[in-house]
Amino acid sequence: MQIDFENYSISPIQEKDAWRLCDFVVSNSERLKAYFPQTLQQNLTPTLAQLFVAKKVKEFITKKEFLFTIKENTNRTIIGLVYVKELQKIKHQGELAYCIGYQYEGKGIITKSIQKLIPWCFDEVELQTLQIIVHHDNLASKRIADKIGFVWKRTLPKEHTTGNGEVVDMQLYELHNPKTQV
């Protein structure tokens, strides 16, 4: 599966992505340390990235968690990631988490990527509710959630531990599958 738009593509993580993922993480370490500290720590070297990618490929195959890369088509560089995670099969619910490289911020790439993946989440994974959880200071992610049609639900107290150990409140946004709404 590959979804193309403009000069970018979204595809499931693959074994051959390890080196590119390491490059992406290292070059964006300052951006990732607060809200993607585990992804950062697990991809700081090519060897760590190979282990991480192998695990994520297996999780994708077993439908435990889905990690997608966003690549620039010209040079196949990874420029962003989108996770479909925290899958609760009984509730048919999952969370979207995403990040983009600093050079690509503000270009609408994450918004378009999420818009392209939502139908897949509803149709292929059979989710009924998608969630986005963001820090109140992350105005860009809040705009993405609003633009796509996610609705703010509530504040989640002490929901996330940042890379420096700070426990912070997060904001919960949800989008329901229109096909399952009565």
Side-chain angles (χ1 to χ4, degrees), residues 1-89 93-127 130-135 138 140-141 144-145 148 160-163:
M1 166 191 153
Q2 179 170 306
I3 301 169
D4 293 305
F5 63 98
E6 298 170 11
N7 188 36
Y8 307 103
S9 60
I10 309 160
S11 57
I13 190 80
Q14 300 172 38
E15 299 277 350
K16 64 183 179 181
D17 290 330
W19 280 85
R20 289 181 181 127
L21 182 58
C22 180
D23 288 343
F24 170 76
V25 166
V26 169
S27 64
N28 289 283
S29 59
E30 281 302 309
R31 297 175 65 85
L32 299 174
K33 71 180 179 182
Y35 297 106
F36 287 85
Q38 293 176 3
T39 300
L40 174 61
Q41 289 302 316
Q42 294 174 31
N43 289 284
L44 286 174
T45 68
T47 302
L48 287 173
Q50 287 176 323
L51 295 169
F52 176 85
V53 168
K55 176 183 169 189
K56 293 303 174 188
V57 166
K58 184 177 180 180
E59 288 177 351
F60 201 104
I61 291 167
T62 60
K63 301 180 179 183
K64 181 179 179 193
E65 179 176 283
F66 303 99
L67 176 57
F68 292 89
T69 60
I70 305 169
K71 293 179 182 168
E72 187 175 49
N73 289 341
T74 307
N75 58 21
R76 305 304 298 152
T77 302
I78 293 176
I79 64 165
L81 301 172
V82 179
Y83 284 89
V84 181
K85 61 183 207 160
E86 302 298 330
L87 298 170
Q88 297 181 29
K89 295 188 187 223
Q93 178 177 295
E95 177 189 340
L96 294 172
Y98 43 82
C99 57
I100 189 86
Y102 66 91
Q103 315 93 305
Y104 299 91
E105 183 178 35
K107 296 182 178 187
I109 297 167
I110 289 291
T111 300
K112 290 174 186 146
S113 297
I114 298 296
Q115 288 170 325
K116 299 282 187 185
L117 283 174
I118 286 172
W120 181 86
C121 291
F122 288 153
D123 298 337
E124 299 299 320
V125 187
E126 299 178 348
L127 298 177
L130 287 170
Q131 298 180 322
I132 295 176
I133 298 174
V134 301
H135 190 265
N138 190 341
S141 277
I144 289 167
I148 296 172
H160 178 73
T161 303
T162 65

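Below, each value reflects all heavy atoms present in this structure, side chains not excepted, and no hydrogens, waters or symmetry copies. When a residue number appears, it is its place in the shown sequence, counting from 1.
- Scanning all heavy atoms of the two residues, the minimum distance from I132 to V134 falls at CG2-CG1, 3.6 Å.
- Proximity of a side-chain donor or acceptor of R31 to a complementary backbone N or O of I100 within less than 3.5 Å is detected.
- Listed for the S113 side chain is a donor-acceptor partner under 3.5 Å among the backbone atoms of I109.
- Between S27 and D23 there is no side-chain heavy-atom pair separated by less than 4.5 Å.
- Distance OG1/T45 to CH2/W19: 9.0 Å, rounded to 0.5 Å.
- With contacts defined as side-chain heavy-atom distances shorter than 4.5 Å, the pair L21/T69 does not qualify.
- The only member of E65, Q42, E15 that meets side chain to side chain donor-acceptor pair (under 3.5 Å) when paired with K56 is E65.
- The distance from the CG atom of N7 to the CG atom of N73 is 5.0 Å, given to the nearest 0.5 Å.
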Derivation of the side-chain hydrogen bond (donor to acceptor under 3.5 Å, both in side chains) call for T39 and Y83: CA-CA 11 Å; T39 300; Y83 284 89; 2.6 Å; yes
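- Residues F36 and C99 approach most closely at CE1-CB, 3.8 Å, considering heavy atoms.
- A donor-acceptor contact closer than 3.5 angstrom links the side chains of D4 and Q2.
- In this structure, CZ in F66 is found 14.5 Å from NZ in K85, a value given to the nearest 0.5 Å.
- Shortest non-hydrogen contact noted between V53 and A18 is CG2-CA, 3.8 Å.
- Among all heavy-atom pairs drawn from F122 and L127, the shortest one is CD2-O, 3.1 Å.
- Side-chain contact between L67 and F52: present, with at least one pair of heavy atoms (C-beta onward) separated by less than 4.5 Å.
- Side-chain N or O atoms of S141 include none that pairs as donor or acceptor with a backbone N or O of N138 at under 3.5 Å.
- What you find for L81 and I110 is that their closest heavy atoms are O-CD1, 4.5 Å.
- Taking CZ from R20 and OG1 from T77, the interatomic distance works out to 7.0 Å, rounded to the nearest 0.5 Å.
- Side-chain contact between L96 and I114 is present, with at least one heavy-atom pair separated by less than 4.5 Å.
- If you look at W120 and F68, their ring centroids are closer than 6.0 Å.
- Closest non-hydrogen pair, P46 versus C22, comes out as N-SG, 3.6 Å.
- Side-chain N or O atoms of D17 include none that pairs as donor or acceptor with a backbone N or O of I13 at under 3.5 Å.
- L40 contributes atom CG, which lies 14.5 Å from atom OH of Y35 (distance to the nearest 0.5 angstrom).
- Side-chain atoms of E72 and Y104 include a donor-acceptor pair closer than 3.5 Å.
- In this structure, CG on N43 lies 10.5 Å from CD on Q50, to the nearest 0.5 angstrom.
- Exactly one residue among K71, K116, R76 makes a side chain to side chain donor-acceptor pair (under 3.5 Å) with S9. That residue is R76.
- Side chains of I10 and V82 form no contact here, defined as non-hydrogen atoms less than 4.5 Å apart.
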